[in-house]
Amino acid sequence: MTAIRSEKIESTEEDSNLAAVSEVEAGIRDFVRNDIAYLRRPAPSMLAGTDAPLEPSAEATVNSVNSLIQRVAGTSLGEIENLISELESLRDLLHAEGQRVQREISGYAQLSQAAMKSTRMIADNVAQWKRTADGLRNG
């Protein structure tokens, strides 16, 4: 049930992202179309050497494109921040698991050493009993 919900959320997010990208592309196209004639002819202010303010329609288009880019960038930045936080959580988890595995290996190494010592003691005792039994038989 949660898998279905997450798929719906992901598809909704993808749809909104695609819509935002389409809006940005449309805004850029409109901006270019509106300004192409303006860019082809030299502005009177350029000939006079002074800066003239943008036409109101061009300024509105620029503001529109800027707002669209900011919305798309905001969505992307939010996704990047979420990804960074997930990666940091995974790094912390891997670090904790690495420490746990090191503790387990250390415990197994100590257990192995104790088993080796016990096996040596048993082997030494058996060898001593065998010598004693051989001495009693020969004597």
Side-chain angles (χ1 to χ4, degrees):
M1 195 166 174
T2 58
I4 294 170
R5 286 184 185 162
S6 66
E7 289 175 5
K8 287 180 182 177
I9 291 170
E10 288 176 6
S11 66
T12 304
E13 289 176 357
E14 288 175 5
D15 291 344
S16 66
N17 289 342
L18 289 175
V21 169
S22 297
E23 286 181 42
V24 168
E25 290 175 352
I28 291 172
R29 267 190 245 110
D30 290 341
F31 179 72
V32 170
R33 280 187 206 126
N34 290 337
D35 285 352
I36 198 150
Y38 177 77
L39 293 174
R40 285 187 180 166
R41 64 177 187 253
S45 63
M46 291 181 137
L47 298 174
T50 58
D51 291 335
L54 290 176
E55 293 178 15
S57 63
E59 189 172 340
T61 306
V62 168
N63 290 336
S64 173
V65 169
N66 285 338
S67 68
L68 288 172
I69 290 172
Q70 287 174 353
R71 280 196 316 210
V72 171
T75 303
S76 297
L77 287 176
E79 290 177 11
I80 290 170
E81 287 174 358
N82 289 339
L83 181 61
I84 288 171
S85 66
E86 287 178 20
L87 289 172
E88 287 173 344
S89 298
L90 285 173
R91 181 192 62 200
D92 294 341
L93 175 70
L94 287 173
H95 183 69
E97 285 298 305
Q99 288 179 337
R100 183 189 65 79
V101 168
Q102 286 177 349
R103 286 192 305 271
E104 292 289 326
I105 289 172
S106 175
Y108 286 130
Q110 290 174 355
L111 185 62
S112 177
Q113 288 175 352
M116 293 284 284
K117 285 181 185 177
S118 297
T119 303
R120 266 192 223 113
M121 288 176 59
I122 291 170
D124 290 344
N125 285 337
V126 167
Q128 185 180 6
W129 291 342
K130 188 175 179 182
R131 283 192 300 269
T132 304
D134 286 344
L136 290 175
R137 277 189 236 157
N138 291 339

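Numbers here simply count residues along the sequence, with the first being 1.
- Proximity of a side-chain donor or acceptor of Ser64 to a complementary backbone N or O of Ala60 within less than 3.5 Å is not detected.
- For the pair Ser118 (side chain) and Ala114 (backbone), a donor-acceptor distance under 3.5 Å is present.
- A salt bridge is absent between Arg91 and Glu88: the closest approach of a Lys/Arg side-chain nitrogen to an acidic carboxylate oxygen does not fall below 4.0 angstrom.
- Distance CD/Gln70 to CG/Leu77: 11.0 Å, rounded to 0.5 Å.
- No option in His95, Gln102, Glu97, Arg103 other than His95 meets the side chain to side chain donor-acceptor pair (under 3.5 Å) test with Gln99.
- The line from CG of Leu93 to CD of Glu86 is 13.0 Å long, rounded to the nearest 0.5 Å.
- Here the OG-CG distance, from Ser89 to Leu94, works out to 11.0 Å after rounding to the nearest 0.5 Å.
- Ser112 places no side-chain N or O within 3.5 Å of a backbone atom of Tyr108 that could act as its donor or acceptor partner.
- To the nearest 0.5 Å, the span separating CG on Leu87 from CG on Leu83 amounts to 4.5 Å.
- Under the 4.5 Å side-chain criterion, counting only non-hydrogen atoms from C-beta, Glu79 is in contact with Thr75.
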